[in-house]
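Every number for a ligand or one of its atoms is a count from 1 in the order of the listing.
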Amino acid sequence: MEKRDELYAGKAKSVYQTDDADLLVLAFRNDTSAFDGKKVEQLDNKGAVNNQFNAFIMGKLKEAGIPTHFEKLLSPTEALVKRLDMIPVECVVRNVAAGSLCRRLGVEEGIDLDPPTFEMFLKNDALGDPMINEYHVRSFGWATDAQIEQMKALTFRVNDVLKALFMAGNMLLVDYKLEFGVFHGEITLGDEFSPDGCRLWDRDTREKLDKDRFRQGLGSVVESYQEVGRRLGITFEY
Ligand code: TMP
């Protein structure tokens with residue numbers, strides 16, 4: 001496999017073409033962004049930690065029968081993935097109230113959500129990732145009814161797998177965001193799963209171990225991601 005030209009640079013990852021039209025290289029950078037790119041900083045080792053964290057999680061999801069784009073790790077900061085036609089919709093499940101849900105509905109952070117909620121957001125930084133519903137997705141042709149149902153079902157299956165995984169490390173999976181695409185006709189999980197795109201709290205102290213540490217200026221951002229990895233048994237290489 002040969003890495004070729006850069007196809008696209010996102011806020012935290014860059015995407016490269018390869019000599020295989022079906023495969024891309026994802027390079028995880030140290031750039032850390034929040035508030036739709038309004039706050040950006042470089043955090044040492046963040047790219048390596050997220051790349052290896054994501055590889056571990058994608059492996060667990062694959063074992064559970066969830067189709068993902070992940071193929072293999074290439075280096076501490078790079079992974080080989082399938083090339084998906086991305087759907088510009090962010091799927092969010094919440095087990096505990098936090099973040100924009102609290103701001104939007106005026107509810108207290110930390111309330112258990114039983115059953116969990118499912119929300120969709122349009123992936124558009126300029127618009128601040130507005131919340132959308134299934135009708136918008138259908139009317140604008142971002143996905144079909146069947147694809148929406150598959151994304152929702154897969155997002156909830158991910159919840160079952162990961163809630164239990166984090167619970168075993170004494171952590172609460174508060175909420176998370178997934179992005180899907182289509183690979184040869186099949187809805188497939190893309191992007192990444194890392195502490196950049198979810199909320200994780202220590203189960204006993206409710207200490208925040210995710211990107212809220214960066215958003216809220218709490219410090220020890222990468223150290224917290226490493227702690228989450230340690231609790232899951234991940235050994236990071238740099
Ligand atoms: P929110 O509370 O800001 O709506 O975010 C819910 C979860 O989804 C939280 O874990 C962060 C994640 N998320 C992202 O990582 N990127 C995004 O663009 C959005 C909208 C949410």
Original post:
Using a heavy-atom cut-off of under 4.0 Å, does the side chain or the backbone of E179 touch ligand 1, or both, or neither?
Top reply: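 Answer for E179: neither.
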Original post:
If you measure from each non-hydrogen atom of R94 to ligand 1, which part falls under 4.0 Å: side chain, backbone, both or neither?
Top reply: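 Contact part for R94 vs ligand 1: side chain (C-beta onward).
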Original post:
N51 side chain to F28 main-chain N or O, any donor-acceptor pair under 3.5 Å?
Top reply: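 Not at all, since once roles are kept as given, no pair shorter than 3.5 Å links the two residues.
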**OP:** Check whether the side chains of R138 and T144 place a donor and an acceptor atom closer than 3.5 Å, and report yes or no.
**Re:** no
Original post:
Between the side chains of N170 and D204, does any donor sit under 3.5 Å from an acceptor?
Top reply: yes
How close does the nearest protein non-hydrogen atom get to [atom], and which residue and atom is it?
atom	result
atom 5 (O) of ligand 1	R199 NH1, 3.7 Å
atom 4 (O) of ligand 1	S100 OG, 2.5 Å
atom 20 (C) of ligand 1	E90 OE1, 3.1 Å
atom 8 (O) of ligand 1	K177 CB, 3.4 Å
atom 9 (C) of ligand 1	D175 OD1, 3.2 Å
atom 11 (C) of ligand 1	R215 NH2, 3.7 Å

Original post:
Between D196, D125, D31, which is the residue that forms a side chain to side chain donor-acceptor pair (under 3.5 Å) with K11?
Top reply: D125
In terms of atom number and element, which parts of ligand 1 are under 4.0 angstrom from non-hydrogen atoms of [X]?
X	answer
D196	15 (O)
G99	2 (O)
C198	10 (O)

Subject >> Which residues share a ring-ring contact (aromatic ring centres under 6.0 Å, His included) with Y225, sequence neighbours left out >> reply: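 None.
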**OP:** Please name all residues satisfying ring-ring contact (aromatic ring centres under 6.0 Å, His included) with F180, sequence neighbours left out, ordered by chain then number.
**Re:** none
Original post:
Would you call R199 and D175 a salt bridge, using N to O less than 4.0 angstrom?
Top reply: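 Yes, R199 and D175 are salt-bridged.
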**OP:** Would you please classify the geometry between the F193 ring and the F53 ring as parallel, tilted or perpendicular, with 30° and 60° separating the classes?
**Re:**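 Correct class here is parallel.
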